[in-house]
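One structure is given below, encoded as structure tokens.
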Protein chains: 2
Amino acid sequence: MEDISCSDTQDTVKEIFANYMKQKGHRKTPERFAILAEIYEHNEHFDVETLFVFMKNKNYQVSRATIYNTVDLLLGCGLVVKHQFGKNIAQYEKAFECSQHDHLICQSCGRVAEFCDPRVQQIQTTVGELMEFKINYHSLYFYGICKKCQDS
Amino acid sequence: MEDISCSDTQDTVKEIFANYMKQKGHRKTPERFAILAEIYEHNEHFDVETLFVFMKNKNYQVSRATIYNTVDLLLGCGLVVKHQFGKNIAQYEKAFECSQHDHLICQSCGRVAEFCDPRVQQIQTTVGELMEFKINYHSLYFYGICKKCQDS
DNA sequence: TTACCTGCAAAGGGTTTGCAGAGTC
DNA sequence: GACTCTGCAAACCCTTTGCAGGTAA
């Protein structure tokens with residue numbers, strides 16, 4: 001996967017976010033931009049608690065409530081995607097310039113793997129036409145047992 | 001959809017469940033069979049609370065803890081499938097003799113349509129082999145705008 | 001100045017856990 | 001008879017909410 005933590009990307013998403021907030025009448029607070037920047041510095045899935053600790057360790061202290069608030073805004077403008085991998089912990093993922101992929105979840109250890117299969121897109125097209133839906137996006141999860149858990 | 005609440009199906013899933021428990025060394029309690037039967041009497045998705053209330057209203061009182069326990073077993077032997085529709089409430093669905101289907105959700109009116117495409121199963125097989133996962137089930141959702149909402 | 005936003009802490013709600021008694025094998 | 005399962009309630013934990021002070025516009 002290409003490095004998408006470069007300053008160019010950081011600037012672009014910041015601009016997208018700023019425009020979105022202006023359009024929606026939300027205030028552009030330093031906390032919100034700091035959270036966006038933190039999210040785009042990492043490539044892994046994350047949950048709110050992880051993000052909270054990361055920022056705390058950088059001495060940039062924001063409350064959990066503000067993180068939840070900001071992540072909602074980021075979902076609204078498509079800069080972040082939300083996943084529910086079977087557990088009750090919401091997982092998030094940055095969504096700008098990320099290649100299309102889907103997820104495999106290990107029901108034993110919780111490990112999440114990614115894969116990409118072009119047939120998913122083909123099915124989306126076929127089904128959209130057949131059912132007369134204008135499809136915007138999909139979510140596909142495979143649940144099973146990963147290699148490590150099969151062996152142990 | 002065909003009626004799958006017939007006694008034949010009830011008997012068959014009961015047998016599958018019994019065999020599974022024997023194999024795994026779990027005890028065959030009346031509560032567990034009652035929960036299985038209740039699940040297979042309905043065709044809709046359900047959550048634990050709904051199931052709990054249904055059984056309570058039938059004067060078959062089981063605790064929530066037992067329902068959670070039993071549903072886990074049913075997931076283990078593939079008689080039930082679990083969904084996480086974005087909320088924090090787990091949704092379940094019976095899985096035996098249900099024709100494989102996935103869902104289209106209209107983001108405008110909330111309508112849910114079902115479709116079936118054999119390529120989903122093919123992808124599951126391919127990805128399972130490639131990623132060395134023993135895949136038990138999948139969930140696939142397409143989000144978009146249905147015909148009626150496009151027209152209005 | 002006017003809301004909206006933040007931080008804190010408590011409340012909410014689905015799920016899990018601990019324990020005593022009941023029931024399966 | 002041994003040991004798991006059940007039921008109950010409390011504990012857990014992620015998320016949301018309420019409120020007082022702070023800050024963008």
Side-chain angles (χ1 to χ4, degrees), chain A residues 14 17-38 45-77 80 82-93 107-108 110, chain B residues 14 17-38 45-77 80 82-92:
Chain A
K14 191 174 169 181
F17 193 30
N19 287 338
Y20 177 78
M21 288 192 286
K22 185 171 185 180
Q23 181 202 322
K24 294 282 184 178
H26 298 300
R27 291 187 181 166
K28 295 189 271 290
T29 68
E31 287 85 359
R32 290 176 174 173
F33 285 113
I35 290 166
L36 174 66
E38 186 65 35
H45 298 124
F46 64 92
D47 55 40
V48 169
E49 191 61 24
T50 305
L51 195 57
F52 177 74
V53 172
F54 265 125
M55 297 189 74
K56 194 163 197 169
N57 289 345
K58 283 188 179 175
N59 294 320
Y60 198 107
Q61 194 150 341
V62 289
S63 70
R64 270 170 266 256
T66 301
I67 294 179
Y68 279 108
N69 174 328
T70 302
V71 167
D72 267 354
L73 294 178
L74 292 170
L75 286 172
C77 62
V80 161
K82 181 178 184 174
H83 296 291
Q84 293 278 151
F85 294 139
K87 301 250 173 104
N88 292 321
I89 311 164
Q91 299 276 120
Y92 301 90
E93 185 177 21
Q107 296 170 294
S108 177
Chain B
K14 192 173 168 181
F17 192 31
N19 288 338
Y20 176 80
M21 288 192 286
K22 185 171 186 180
Q23 180 202 322
K24 294 283 186 176
H26 298 299
R27 291 185 180 167
K28 295 189 269 290
T29 68
E31 289 83 0
R32 289 175 174 172
F33 286 114
I35 291 166
L36 174 65
E38 185 64 35
H45 297 124
F46 63 93
D47 55 40
V48 169
E49 190 61 23
T50 305
L51 195 56
F52 176 74
V53 172
F54 265 125
M55 299 189 74
K56 195 163 199 171
N57 290 344
K58 283 188 179 176
N59 294 319
Y60 199 107
Q61 195 150 339
V62 290
S63 70
R64 271 169 266 256
T66 301
I67 294 179
Y68 279 109
N69 175 329
T70 302
V71 166
D72 266 354
L73 295 177
L74 292 170
L75 286 172
C77 62
V80 160
K82 181 178 184 176
H83 295 290
Q84 294 278 150
F85 294 141
K87 301 247 174 108
N88 292 321
I89 311 163
Q91 300 274 122
Y92 301 90

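FYI, side chains are in, hydrogens and waters are out, and symmetry mates aren't considered; it's all heavy atoms of this structure. In what follows, every chain begins at residue 1, and chains take the letters A, B, ... in the order their sequences are listed.
- Legend: residues meeting side chain to side chain donor-acceptor pair (under 3.5 Å) with D47(B), ordered by chain and number and at least two apart, are T50(B).
- In terms of the side chain to side chain donor-acceptor pair (under 3.5 Å) criterion, Q61(B) has no residue partners (sequence neighbours excluded).
- Partners of F46(B) by side-chain contact (heavy atoms from CB on, under 4.5 Å), not counting sequence neighbours, listed by chain and number: I39(B), L51(B), Y92(B).
- Computed from coordinates, the K24(B) NZ to dC25(C) P distance equals 18 Å when rounded to whole Å.
- The separation between Q91(B) atom CD and dT15(C) atom C1' is 15 Å, rounded to whole Å.
- Residues R32(A) and L74(A) have side chains not in contact (no heavy-atom distance under 4.5 Å, counting atoms from C-beta outward).
- For F54(B), the ring pair (Phe, Tyr, Trp, His ring centres under 6.0 Å) test picks out H42(B), with sequence neighbours left out.
- How far NE2 of H26(B) is from OH of Y20(B): 5.5 Å, rounded to the nearest 0.5 Å.
- The side-chain contact (heavy atoms from CB on, under 4.5 Å) test applied to T66(A) returns E31(A), I35(A), S63(A), T70(A), not counting sequence neighbours.
- The side chain to side chain donor-acceptor pair (under 3.5 Å) test applied to K56(A) returns no partner, not counting sequence neighbours.
- Of the residues in residues 55-69 of chain B, Q61(B), V62(B), S63(B), A65(B), T66(B), N69(B) come within less than 4.0 Å of DNA chain D through at least one heavy atom, sorted by number.
- Remark: R27(B) engages no residue in a salt bridge (Lys or Arg N to Asp or Glu O under 4.0 Å) (not counting sequence neighbours).
- Note that OH of Y68(B) is 15.0 Å distant from CG of L73(B), once rounded to the nearest 0.5 Å.
- Contacts between chain A and DNA chain D, taken as any atom within less than 4.0 angstrom of a protein heavy atom, begin and end at dC14(D) to dA25(D).
- For A37(A), the side-chain contact (heavy atoms from CB on, under 4.5 Å) partners two or more places apart in sequence, or in a different chain, are Q10(A).
- A 4.5 Å side-chain heavy-atom check between I89(A) and Q91(A) finds at least one atom pair inside the cut-off.
- Note that the two end axes of the helix from dT1(C)-dA25(D) to dC25(C)-dG1(D) enclose an angle of 40°, each drawn from 5 base pairs, rounded to 10 degrees.
- In the region residues 25-33 of chain A, proximity to DNA chain C at under 4.0 angstrom, judged on heavy atoms, holds for H26(A), R27(A), T29(A), E31(A), R32(A).
- If you take CD1 of I89(B) and P of dT15(C), they are 7 Å apart, rounded to a whole angstrom.
- Looking at every heavy atom in both residues, Q84(A) comes nearest to A90(A) through OE1-CB, 3.7 Å.
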